[in-house]
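Presented below is the structure to which this report refers.
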Amino acid sequence: MRHLVLGLLFSLLISPVQAAWDDEAYVEKAFELIALNNEYDDNTHPIRKWHQPINVWIDHRVGDQELHTMLVRMHLKHLSKVTGHTVQLVDTLEQSNLRMVFTRQSRWQDETREIWGADEDYPFRGAICMAHFSVTRSNEIKRGLIVIPVDFARERGKLFACVVEELTQAMGLPNDSNEVFPSIFNDNTKNSVLTPLDVTLLRLLYAPDIRAGMSGNKALPLVSQWLKARPNWAEESKALARQSEFVTELGLF
């Protein structure tokens with residue numbers, strides 16, 4: 001299994017180029033871009049996050065179940081460590097509030113509509129994989145769906161990246177931006193594991209003072225306070241980024 005994973009991820013052994021990610025103003029802007037916006041609309045949104053434990057059920061509709069489960073389990077463990085929030089695998093659909101479907105390209109659009117609802121406007125065009133979530137009136141995330149067409153993702157060399165990015169976005173960081181670097185949220189970079197900047201954005205989103213439903217005017221001053229109160233936040237985020245099993249077990253960074 002280890003050799004299979006290393007072979008699958010060989011092309012990802014690229015160290016991210018350093019940028020001004022550890023500047024407080026840069027992080028504040030990155031948080032605004034990724035947490036308070038959406039990938040497929042131009043609206044400004046309030047904070048969206050989970051306040052309840054995240055229970056993930058893997059819906060296997062193709063082979064390589066052991067590989068897919070391992071990749072998901074590794075990333076969930078890292079997300080939980082970074083955020084301090086409970087993020088875990090469960091055994092049944094009934095126990096879950098985040099469903100993760102591994103399927104085929106020929107079926108993924110129909111299956112998404114069947115699972116989530118045919119009346120939604122899904123961003124299929126140009127997408128290799130997708131995450132979708134719904135929120136309460138207070139903008140607390142209540143359930144989510146991730147769909148990965150494995151054959152298409154493998155063809156594009158993005159299976160691993162799909163697992164990491166979609167699970168991370170489902171935490172409440174739903175936007176992509178080429179202004180955020182180095183980051184998995186930047187489609188023009190090769191980052192496929194969480195960078196220290198990504199870790200920082202997750203830590204900020206799941207800081208206790210940041211609540212679902214907060215507008216940018218309320219949340220961004222709290223982001224600034226969080227950073228100023230932790231002079232070593234950048235070094236802490238670097239250390240947390242390296243605690244992923246993708247780094248410690250598979251040697252990726």
Side-chain angles (χ1 to χ4, degrees), residues 1-16 50 53-83 85-93 95-105 107-108 111-112 115 127-133 144-174 176 183-185 187 189-195 198-199 202 240-253:
M1 176 58 65
R2 180 182 177 87
H3 294 300
L4 177 60
V5 174
L6 290 175
L8 174 67
L9 305 178
F10 178 78
S11 64
L12 302 176
L13 295 173
I14 301 173
S15 296
W50 300 82
I54 305 173
N55 298 321
V56 181
W57 180 65
I58 304 177
D59 186 349
H60 294 287
R61 301 187 178 199
V62 292
D64 287 332
Q65 295 184 11
E66 184 181 354
L67 171 64
H68 300 157
T69 300
M70 184 184 71
L71 294 176
V72 172
R73 190 184 301 277
M74 282 183 168
H75 194 51
L76 293 184
K77 183 177 180 181
H78 195 212
L79 288 173
S80 186
K81 180 177 292 187
V82 166
T83 62
H85 194 76
T86 300
V87 190
Q88 60 194 357
L89 281 177
V90 294
D91 296 326
T92 67
L93 174 61
Q95 295 173 298
S96 71
N97 49 25
L98 177 56
R99 182 173 183 171
M100 190 165 190
V101 182
F102 288 89
T103 185
R104 298 185 186 280
Q105 184 184 9
R107 303 198 302 254
W108 80 299
E111 289 175 341
T112 299
I115 293 168
I128 299 173
C129 44
M130 62 166 283
H132 204 60
F133 58 70
L145 172 69
I146 294 170
V147 185
I148 300 177
V150 173
D151 51 344
F152 188 40
R154 280 182 177 271
E155 178 185 313
R156 299 298 181 90
K158 293 290 187 178
L159 176 60
F160 175 72
C162 278
V163 170
V164 172
E165 182 173 351
E166 303 306 336
L167 279 170
T168 306
Q169 291 196 308
M171 298 290 291
L173 297 172
D176 285 339
S183 174
I184 62 169
F185 304 116
D187 289 334
T189 70
K190 299 296 185 181
N191 298 104
S192 295
V193 296
L194 294 182
T195 69
D198 299 328
V199 166
L202 284 164
L240 280 167
R242 288 179 170 85
Q243 288 176 30
S244 167
E245 290 184 353
F246 295 138
V247 178
T248 61
E249 299 297 319
L250 303 180
L252 299 173
F253 194 69

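Between S192 and F160, the shortest heavy-atom distance links the atoms O-CE2, 3.2 Å. Shown here for I128 and C162, the closest heavy-atom pair between the two residues is CG2-SG, 4.0 Å. Here the closest non-hydrogen pair linking A241 and V247 is O-CG2, 3.8 Å. Minimum heavy-atom separation, D91 to W57: O-NE1, 3.4 Å. In terms of heavy-atom proximity, V164 sits nearest to V193 at CG1-CA, 4.4 Å. Heavy-atom minimum distance, L167 versus H75: CB-CD2, 3.8 Å.
One distance of note links CD1 of I115 with CG of L93; it measures 9.0 Å at 0.5 Å rounding. Expressed to the nearest 0.5 Å, how far NE2 of H68 lies from CG of L159 amounts to 5.0 Å. One finds the CD1 atom of I184 at 5.0 Å from the CG atom of L194 (value rounded to the nearest 0.5 Å). Within the model, atoms CG of L173 and OG1 of T168 stand 8.0 Å from one another, a figure rounded to the nearest 0.5 Å. Here the CG-CD distance, from N191 to E165, works out to 10.5 Å after rounding to the nearest 0.5 Å. To the nearest 0.5 Å, atoms SG (C129) and CZ (R156) are separated by 11.0 Å.
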Practice problem: Go through the steps for V87 and M171 under the test side chain to side chain contact (heavy atoms under 4.5 Å, CB included), then give the verdict. | Solution: CA-CA 9 Å; V87 190; M171 298 290 291; 4.1 Å; yes
Practice problem: For side chain to side chain contact (heavy atoms under 4.5 Å, CB included), just list the numbers for R154 and D64, CA-CA rounded to whole Å, side-chain angles, deciding distance to a tenth of an Å, and then say yes or no. | Solution: CA-CA 12 Å; R154 280 182 177 271; D64 287 332; 3.1 Å; yes
Exercise. Please step through side chain to side chain contact (heavy atoms under 4.5 Å, CB included) for the pair F102 and L71, ending with a clear verdict.
Key: CA-CA 12 Å; F102 288 89; L71 294 176; over 6 Å; no
Self-check item: Residues T112, L145; criterion side chain to side chain contact (heavy atoms under 4.5 Å, CB included); working and verdict
Solution: CA-CA 8 Å; T112 299; L145 172 69; 4.1 Å; yes
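In this structure a side-chain-to-backbone donor-acceptor pair under 3.5 Å is present from E166 to A131. For the pair W50 (side chain) and T86 (backbone), a donor-acceptor distance under 3.5 Å is absent. A donor-acceptor pair under 3.5 Å is absent between the side-chain atoms of N55 and the main chain of T92, judged by distance alone. No side-chain donor-acceptor contact under 3.5 Å links H78 to the backbone of R242. Under the 3.5 Å distance criterion, the side-chain polar atoms of D198 are left unmatched by any main-chain donor or acceptor of S183.
By the 4.5 Å heavy-atom criterion applied to side chains, I58 and Q65 are not counted as neighbours. Using a 4.5 Å cut-off on side-chain heavy atoms (C-beta onward), I148 and M100 make contact.
Residues that satisfy the side chain to side chain donor-acceptor pair (under 3.5 Å) test with T69, not counting sequence neighbours, are H60. For K77, the side chain to side chain donor-acceptor pair (under 3.5 Å) partners are E245, not counting sequence neighbours. For T103, the side chain to side chain contact (heavy atoms under 4.5 Å, CB included) partners at least two apart in sequence or on another chain are R61, V101, R107, W108, E111, V147.
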